[in-house]
**Student:** 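After the structure tokens below, expect a handful of questions from me.
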There are 2 protein chains.
Amino acid sequence: MDAAEFRRRGKEMVDYIADYLEQIEKRQVYPDVEPGYLRPLIPDSAPEEPERFEDILQDVERVIMPGVTHWHSPYFFAYFPTASSFPALLADMLSGGIGCIGFSWASSPACTELETVMLDWLGKMINLPPQFLAGKDGEGGGVIQESFSQATLVALLAARTKAIHRVQREKRELTQGEIIGRLVAYTSDQAHFSVEKAGLIAGVKIKEVPTDDKFAVRGSALRKILDQDKAAGLIPFFFCATLGTTTCCSFDKLPELGPMCNAENIWMHIDAAYAGSSFICPEFRHLLNGVEFADSFNFNPHKWLLVNFDCSTMWVKKRTDLTCAFKIDPVYLKHDHQESGLITDYRHWQIPLGRRFRSLKMWFVFRMYGVKGLQEYIRKHVKLAHEFKDLVLQDDRFEICADVVLGLVCFRLKGTNELNEALLKSINNARKIHLVPCRLKGKFVLRFSICARTAESAHVQFAWKHIVMLASELLKAQKQQQ
Amino acid sequence: MDAAEFRRRGKEMVDYIADYLEQIEKRQVYPDVEPGYLRPLIPDSAPEEPERFEDILQDVERVIMPGVTHWHSPYFFAYFPTASSFPALLADMLSGGIGCIGFSWASSPACTELETVMLDWLGKMINLPPQFLAGKDGEGGGVIQESFSQATLVALLAARTKAIHRVQREKRELTQGEIIGRLVAYTSDQAHFSVEKAGLIAGVKIKEVPTDDKFAVRGSALRKILDQDKAAGLIPFFFCATLGTTTCCSFDKLPELGPMCNAENIWMHIDAAYAGSSFICPEFRHLLNGVEFADSFNFNPHKWLLVNFDCSTMWVKKRTDLTCAFKIDPVYLKHDHQESGLITDYRHWQIPLGRRFRSLKMWFVFRMYGVKGLQEYIRKHVKLAHEFKDLVLQDDRFEICADVVLGLVCFRLKGTNELNEALLKSINNARKIHLVPCRLKGKFVLRFSICARTAESAHVQFAWKHIVMLASELLKAQKQQQ
């Protein structure tokens with residue numbers, strides 16, 4: 001395929017994608033396929049000779065689409081949103097076309113520099129304290145990670161290195177292994193499992209801090225566990241706070257937790273993967289109060305800020321905390337400006353070496369929507385979630401299980417877990433909408449998450465009517481059995 | 001921007017990318033910008049109101065392009081190649097359009113299943129032993145990692161878990177921390193720095209095994225260090241072999257190392273990041289002999305197999321080795337088929353949770369090139385490297401510093417390191433071609449790596465003439481100073 005054919009096929013692909021997204025409502029949101037469906041549909045080895053593009057595009061409909069969960073269908077209310085916008089798609093095409101690998105400043109200066117400035121733009125949009133910004137000569141700054149799980153891991157590893165150095169200065173008799181054995185990190189009992197996974201990887205203990213009746217970690221709860229652990233000879237070194245938990249979008253109390261972490265030499269990392277995008281709206285910014293106590297902060301514009309996956313933005317107050325944990329410089333990556341102090345080699349900020357030109361997506365999206373356009377988008381989703389909550393509240397067979405703050409509604413039928421599991425099964429089996437559950441203090445709960453960019457009131461109303469119908473059927477069947 | 005505007009702008013973008021790639025030779029391969037060049041060129045915060053696409057596209061030329069290192073210029077001979085092909089660009093557009101997140105089978109079955117089958121296709125293309133393939137019910141299988149550094153880390157962590165479990169069974173008196181403190185991993189003194197970084201992350205010792213005069217790890221060298229370490233009470237558990245080192249494309253002796261690793265319960269991981277793609281050609285497949293002893297194997301189709309970044313393919317003989325190291329299952333990710341044994345939830349195979357639909361790129365590239373087309377492409381690059389090597393050998397002021405096996409030529413002026421550093425500086429300052437150096441047994445060496453898909457004999461000939469001219473100037477100036 002040469003450039004001329006790419007021009008033709010690329011334009012066909014643009015139309016295919018536009019058609020797909022324009023007509024996505026007509027596709028069944030969750031597929032019917034069974035495990036192993038795909039293998040028999042295609043040959044069992046690669047062809048020796050080239051095939052025609054037409055045949056491949058036909059196979060997309062025959063082989064791929066029947067097995068796709070359509071995350072951008074307005075009937076998709078599962079997990080959390082994943083971003084999709086046209087400006088981001090355009091920028092990603094450009095990023096692919098340029099195809100540079102930005103592991104060092106020299107490997108493509110624009111790739112590094114646009115990222116640093118875009119992280120400053122976004123930091124200002126959410127009113128981050130200036131220590132988190134790179135500016136011209138700041139000590140902090142931002143980086144795009146592939147995912148918030150990587151951001152959590154990077155923060156944990158940086159904190160581990162810092163803690164080891166500190167303890168080594170204070171207690172010279174301890175070996176590094178002994179120190180690691182005593183280190184202990186904390187997170188909410190509602191935190192995402194990736195925090196536990198980061199602990200597994202780093203080889204340090206992670207303890208869950210119990211949450212209050214709003215599913216939030218309070219200062220008192222952390223205080224209690226800290227005191228116990230210190231008395232037992234452990235060394236607390238890391239706390240991962242969550243703003244907008246995956247289960248129910250609850251918020252840990254940063255203003256209580258932050259000063260305690262600072263006083264105890266505990267690195268406070270904030271995971272606001274989903275909720276972070278909302279902080280661009282002044283009315284939601286208060287949810288971030290206390291960030292000034294944090295060492296690192298992360299959220300995913302690829303969730304709710306219209307910047308397609310992958311774009312997980314992370315800021316630190318001291319960039320040397322990251323680079324100290326990871327910096328290894330072989331000759332083949334050295335370059336003239338390296339020791340100038342002027343540049344950023346992002347490979348020292350992350351787990352992998354290579355990286356794509358991801359900041360183009362942020363640049364395109366921020367400019368084509370404008371901050372106002374992005375705020376409107378967030379507000380629309382929050383409004384739809386409240387619309388759904390109000391519908392639930394009007395039916396006294398149902399209950400709301402957690403405060404509705406942003407775009408997630410946790411609800412259930414008043415009744416047993418089995419009943420609610422049956423309801424979810426019946427909803428997902430009907431294939432009209434797609435939801436996933438969570439468990440809140442032992443209760444099986446349904447999560448209704450506003451996800452698609454194109455979700456409107458009509459979709460929410462449809463979803464609720466559909467849920468009510470299935471619930472009524474279920475309750476009726478249950479009554480008949482009794 | 002709605003779908004209608006996306007149709008128009010998307011097509012403009014396709015043309016922009018086609019123009020860029022068709023005319024890339026006219027652009028200066030390495031940019032002139034100084035650190036900090038970009039910040040003053042754009043506003044210091046995001047716009048409130050939406051901007052026009054035309055203005056953004058103009059800014060790509062004004063702001064971005066002057067700071068891009070053009071990896072796909074045929075005058076780019078630095079690092080190793082990074083893939084760029086039109087079929088991969090098309091597939092990546094589609095992947096962005098679908099925009100699903102494939103962390104579990106249920107989150108988009110097609111995303112998981114195509115990946116499993118594509119890894120089988122590619123495994124067959126390089127004639128991997130069948131234990132590495134998933135097939136319908138195999139114990140092994142493949143996964144796409146973001147980068148080979150992640151693959152190395154994942155293998156190291158899986159090996160660590162396995163070793164801890166084994167030692168705990170044998171020596172019940174040791175705590176997990178004590179075991180980790182005794183674990184020791186090995187790799188070549190020529191290995192990529194990411195192996196050392198993986199050790200830092202996992203908190204285990206990594207030792208370098210000295211290489212022979214061909215820059216290869218031999219069985220005898222590993223034997224010696226193993227015996228020493230075991231005598232000292234350490235527990236060897238992991239060896240990362242390299243096929244095609246970053247410095248000079250040397251190959252560790254798998255047939256000597258593999259049986260030793262197997263006998264000693266040492267996980268053998270193979271990093272063939274660059275060289276792996278060549279194994280699709282029967283004449284290079286012998287370089288992979290000994291893979292049958294490995295536990296995991298990895299290479300980067302995004303380097304040399306025309307599948308754009310990111311696509312780092314990794315295979316394991318026992319998939320449970322990976323899942324045991326990482327598996328944590330929260331309620332919100334559970335799905336009906338999870339415990340059926342029929343499906344793959346790739347989040348247990350990797351560090352991050354989220355993942356894009358990357359296997360589409362493999363499918364498009366393999367089908368549109370065919371195996372024959374891909375083989376031709378590899379052979380062309382190897383031929384060009386040999387052409388360059390022959391040119392070097394004809395000028396007795398120069399020497400070849402390592403065997404030329406694939407597309408990399410390591411060469412230098414006979415003389416001091418300072419002289420060669422000056423030559424490299426002069427080459428890169430002239431901005432006609434771009435190279436990076438390496439260090440081989442204390443010698444400063446220039447690496448000439450065939451990178452661009454469009455590199456031809458004419459570019460190699462031009463590069464050599466240019467190098468000779470600069471070298472002659474340098475030698476003349478040096479003589480005059482004496």
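Proteins come first, then strands; the chains are lettered A, B, ... in the order of their sequence lines, and each starts at number 1.
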**Student:** To check you understand the geometry: which heavy-atom pair defines the closest contact between B:T69 and A:S107, and what is its length?
**Tutor:**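 Result for this residue pair: CB-O, 3.2 Å.
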
**Student:** Tell me the closest heavy-atom pair linking A:R7 and B:D15, and the distance in Å.
**Tutor:**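 Nearest pair, atom of A:R7 first, then B:D15: NH1-OD1, 3.1 Å.
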
**Student:** Could you tell me the separation between the OG atom of B:S312 and the CG atom of A:L353, rounded to the nearest 0.5 Å?
**Tutor:**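 One gets 11.0 Å once the value is rounded to the nearest 0.5 Å.
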
**Student:** Which atom pairs, donor and acceptor, lie under 3.5 Å between side-chain atoms of residues 85-97 of chain B and protein residues at least two apart or in another chain?
**Tutor:**
residue: B:S85; atom: OG; partner: B:A88; partner atom: N; Å: 3.4
residue: B:S85; atom: OG; partner: B:L306; partner atom: O; Å: 2.6
residue: B:S95; atom: OG; partner: B:F357; partner atom: O; Å: 3.2

**Student:** Could you give the distance from CZ (A:F103) to OG (B:S147), rounded to the nearest 0.5 Å?
**Tutor:**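 Answer for the CZ-OG pair, A:F103 versus B:S147, is 12.0 Å.
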
**Student:** Can you name the nearest heavy-atom pair linking B:I98 to A:Y20, along with the distance?
**Tutor:**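 Smallest heavy-atom distance, with atoms named: CA-CE2, 3.8 Å.
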
**Student:** Search all heavy atoms of A:R356 against all heavy atoms of B:F309 and return the closest pair with its distance.
**Tutor:**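 Distance-wise, the nearest heavy atoms are CG-CD2, 3.1 Å.
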
**Student:** Which heavy atom in A:P47 sits nearest to a heavy atom in B:W121, and how many Å separate them?
**Tutor:**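 Distance-wise, the nearest heavy atoms are CD-CZ3, 3.9 Å.
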
**Student:** Measure distances from B:I64 to the heavy atoms of chain A and classify the residue's part below 4.5 Å as side chain, backbone, both or neither.
**Tutor:**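 Both backbone and side chain.
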
**Student:** Check each atom of B:M1 against the heavy atoms of chain A and say whether the ones under 4.5 Å are side chain, backbone, both or neither.
**Tutor:**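 Both parts, backbone and side chain.
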
**Student:** Let me know if B:D120 has heavy atoms under 4.5 Å from chain A in its side chain, its backbone, both or neither.
**Tutor:**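 B:D120 touches chain A through side-chain heavy atoms alone.
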
**Student:** To the closest 0.5 Å, what do you measure between CD1 (B:I42) and CG (A:L114)?
**Tutor:**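 Going from CD1 on B:I42 over to CG on A:L114, the span is 5.5 Å.
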
**Student:** Can you name the salt bridge (Lys or Arg N to Asp or Glu O under 4.0 Å) partners of B:E113, sequence neighbours left out?
**Tutor:**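 Applying salt bridge (Lys or Arg N to Asp or Glu O under 4.0 Å) to B:E113 gives none.
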
**Student:** Out of curiosity, B:I351 CD1 to A:I351 CD1, how far, rounded to the nearest 0.5 Å?
**Tutor:**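 Result: 7.0 Å between the selected atoms.
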
**Student:** A:D2 versus chain B, heavy atoms under 4.5 Å apart: side chain, backbone, both or neither?
**Tutor:**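 Only the backbone of A:D2 comes within 4.5 Å of chain B.
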
**Student:** Are A:W363 and B:D59 packed together at the side-chain level, in the sense that at least one heavy-atom pair is separated by less than 4.5 angstrom?
**Tutor:**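 A side-chain contact exists here, since the closest heavy-atom pair is under 4.5 Å.
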
**Student:** Considering only heavy atoms, which portion of B:E49 lies under 4.5 Å from any heavy atom of chain A: side chain, backbone, both, or neither?
**Tutor:**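 Answer is both: backbone and side chain atoms of B:E49 are under 4.5 Å from chain A.
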
**Student:** A:A202 and B:R160: which non-hydrogen atoms are nearest, and at how many Å?
**Tutor:**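 Heavy-atom minimum between the residues: C-NH1, 4.4 Å.
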
